[in-house]
Amino acid sequence: MSVHSKEIIQEAWQHLKQAEEEKKSVSPLTELHPGMTVEDAYRVQLKAINEKVEGGRTITGKKIGLTSFAMQELLGVDQPDYGHLLDSMEVKANGEIPLDELFQPKVEGEIAFVLKKDLKGPYVSAEDVLDATDYVVPSLEIVDSRIKDWKIKLPDTIADNASCGLYVLGEEKFPLEGLDLAKIEMALYKNGELMNRGSGADVLGHPANCVAWLANKLSEYDVTLKAGEIVLSGALSAAVEVREGDRFTAEFTELGNVSVSFK
């Protein structure tokens with residue numbers, strides 16, 4: 001790693017840490033550091049996660065972002081990205097989230113995988129993912145950004161832990177037997193009003209393809225997806241902005257629903 005990259009990583013990490021401590025958004029990292037690469041950005045993310053783990057937090061899983069072709073086209077990329085889930089990020093189903101704990105949150109509906117076997121790339125297939133899955137659950141991801149006004153490029157969101165804020169898992173567990181995840185449909189409601197729809201096929205053709213991509217990408221950093229970890233496999237539709245008092249529900253065919261409110 002070059003001295004220049006080390007400087008970028010350190011300064012970007014400090015910017016994001018300051019934003020978190022002061023609850024004040026920062027300018028895009030790619031404006032402050034035009035030379036920042038995707039590799040630099042993942043190093044920033046890992047530096048921040050390692051610090052949190054050293055401070056007592058536990059990694060509970062991973063999230064995958066940019067799994068839809070529309071979002072990839074919007075940011076001018078040809079692959080997804082990922083972030084880490086921590087125990088401090090989980091919100092119970094039907095819980096209430098204080099809005100002042102977040103920056104500029106949006107809500108997405110996703111299918112979450114919970115693993116019963118380790119998955120280590122670089123040659124993991126969708127079939128391997130299904131074999132390693134204990135069960136799936138409906139989930140909501142509250143995406144959030146410390147970057148002002150969501151003016152992000154790929155390195156910005158990666159450095160910012162793939163814009164992961166919080167996550168909510170449904171209470172009922174669903175084994176894979178008899179489920180075709182690609183055909184599962186999701187409707188996202190805000191205060192009882194339908195916001196958008198999506199299906200499992202909207203994320204790289206099948207949610208298991210997303211988890212396989214993640215396992216293979218993590219192998220570049222010698223990281224293994226562990227049994228027991230949660231994997232948020234990607235938003236099935238566009239993220240919806242949050243206001244105080246809002247209640248969101250994602251309804252899934254065959255998987256039931258999951259809800260959360262903001263106060």
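For clarity, every value in this text was computed on a predicted model and none was experimentally measured.
- Residues satisfying the side chain to side chain contact (heavy atoms under 4.5 Å, CB included) criterion with His15, sequence neighbours excluded, are Leu29, Leu32, His33.
- Between the side chains of Asp87 and Thr60, no donor-acceptor pair of N or O atoms lies under 3.5 Å.
- Ser219 and Asn216 form no side-chain donor-acceptor contact under 3.5 Å, judged by distance and modelled atom types alone.
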Please assess Arg243 against Asn191 for the test side-chain hydrogen bond (donor to acceptor under 3.5 Å, both in side chains), listing each intermediate value before the final yes or no. CA-CA 11 Å; Arg243 295 284 186 271; Asn191 303 324; over 6 Å; no

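- Inter-residue side-chain proximity for Thr133 and Val114 is flagged as unmet; no heavy-atom pair is nearer than 4.5 Å.
- Within the 4.5 Å cutoff, side-chain heavy atoms of Ile64 are placed close to those of Val231.
- Rounded to the nearest 0.5 angstrom, Glu244 CD and Ile97 CD1 are separated by 13.0 Å.
- Test Gln14, Glu21, Glu22 against Gln18 for side chain to side chain donor-acceptor pair (under 3.5 Å) and you get one pass: Glu22.
- Using a 4.5 Å cut-off on side-chain heavy atoms (C-beta onward), Leu66 and Gln79 make no contact.
- Remark: the Asp160 side chain and the Ser163 side chain contain no N/O donor-acceptor pair separated by less than 3.5 Å.
- One side chain, Ser5 or Asp40, offers a donor N or O that lies under 3.5 Å from an acceptor on the other.
- The ring pair (Phe, Tyr, Trp, His ring centres under 6.0 Å) contacts involving residues 198-222 comprise Tyr42-Tyr221, where partners must be two or more places apart or lie in separate chains.
- Residue-environment remark: NZ (Lys148) stays at or below the threshold of 12 foreign heavy atoms within 6.0 Å.
- Just one residue in the list Lys63, Lys106, Lys62 forms a salt bridge (Lys or Arg N to Asp or Glu O under 4.0 Å) with Glu141, and that residue is Lys63.
- Here the CD atom belonging to Glu229 is positioned 8.5 Å from the CG atom belonging to Asp118, to the nearest 0.5 angstrom.
- Counted within 6.0 Å of NZ on Lys153, heavy atoms from surrounding residues, nucleotides or ligands total 12 or fewer; the atom is thus considered open.
- For residues 202-220, every residue pair satisfying the salt bridge (charged side-chain N to carboxylate O under 4.0 Å, His left out) rule, not counting sequence neighbours, is listed here: Lys217-Glu220.
- In this structure, Lys116 places its NZ atom where more than 12 heavy-atom neighbours from other residues, nucleotides or ligands lie under 6.0 Å away.
- Within the 4.5 Å cutoff, the side chain of Glu251 has heavy atoms near those of the Tyr189 side chain.
- Thr37 places a side-chain heavy atom less than 4.5 Å from the side chain of Glu39.
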Determine, step by step, whether Asp134 and Lys173 satisfy the salt bridge (Lys or Arg N to Asp or Glu O under 4.0 Å) criterion, reporting the C-alpha distance in whole Å, the side-chain angles of both residues, the deciding distance to 0.1 Å, and the verdict. CA-CA 9 Å; Asp134 191 8; Lys173 303 172 183 178; over 6 Å; no

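- The distance from the OG atom of Ser125 to the CG atom of Leu130 is 8.0 Å, given to the nearest 0.5 Å.
- Note that CG of Leu232 and SG of Cys164 are 6.5 Å apart. Values are rounded to the nearest 0.5 Å.
- Between atom CD of residue Glu101 and atom CD1 of residue Ile142 there is a gap of 11.5 Å, rounded to the nearest 0.5 Å.
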Without placing hydrogens or testing angles, list every side-chain donor-acceptor pair under 3.5 Å for residues 45-52, not counting sequence neighbours.
{"unit_1": "Gln45", "atom_1": "OE1", "unit_2": "His84", "atom_2": "ND1", "d": "2.9"}
{"unit_1": "Gln45", "atom_1": "NE2", "unit_2": "Tyr82", "atom_2": "O", "d": "3.1"}
{"unit_1": "Gln45", "atom_1": "NE2", "unit_2": "Ile158", "atom_2": "O", "d": "2.8"}
{"unit_1": "Lys47", "atom_1": "NZ", "unit_2": "Gln10", "atom_2": "OE1", "d": "3.4"}
{"unit_1": "Asn50", "atom_1": "ND2", "unit_2": "Leu46", "atom_2": "O", "d": "3.1"}
{"unit_1": "Glu51", "atom_1": "OE2", "unit_2": "Lys17", "atom_2": "NZ", "d": "2.8"}
{"unit_1": "Lys52", "atom_1": "NZ", "unit_2": "Glu20", "atom_2": "OE2", "d": "2.7"}

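- Residue pairs that meet the ring pair (Phe, Tyr, Trp, His ring centres under 6.0 Å) test with at least one member in residues 128-180, sequence neighbours left out, do not exist here.
- Residues passing the side chain to side chain contact (heavy atoms under 4.5 Å, CB included) test with Lys23, sequence neighbours excluded: Phe103.
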Hey, mind stepping through Thr30 and Asp156 against side-chain hydrogen bond (donor to acceptor under 3.5 Å, both in side chains) and telling me if it holds? CA-CA 6 Å; Thr30 49; Asp156 293 298; 2.7 Å; yes

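- Screening Val124, Val129, Leu119 for a side chain to side chain contact (heavy atoms under 4.5 Å, CB included) involving Leu225 leaves a single residue, Leu119.
- The shortest distance between side-chain heavy atoms of Glu108 and Leu140 does not fall below 4.5 Å.
- A 4.5 Å side-chain heavy-atom check between Leu188 and Arg197 finds every atom pair outside the cut-off.
- Residues Ser199 and Met186 are not in side-chain contact: their nearest non-hydrogen atoms beyond the backbone lie 4.5 Å or more apart.
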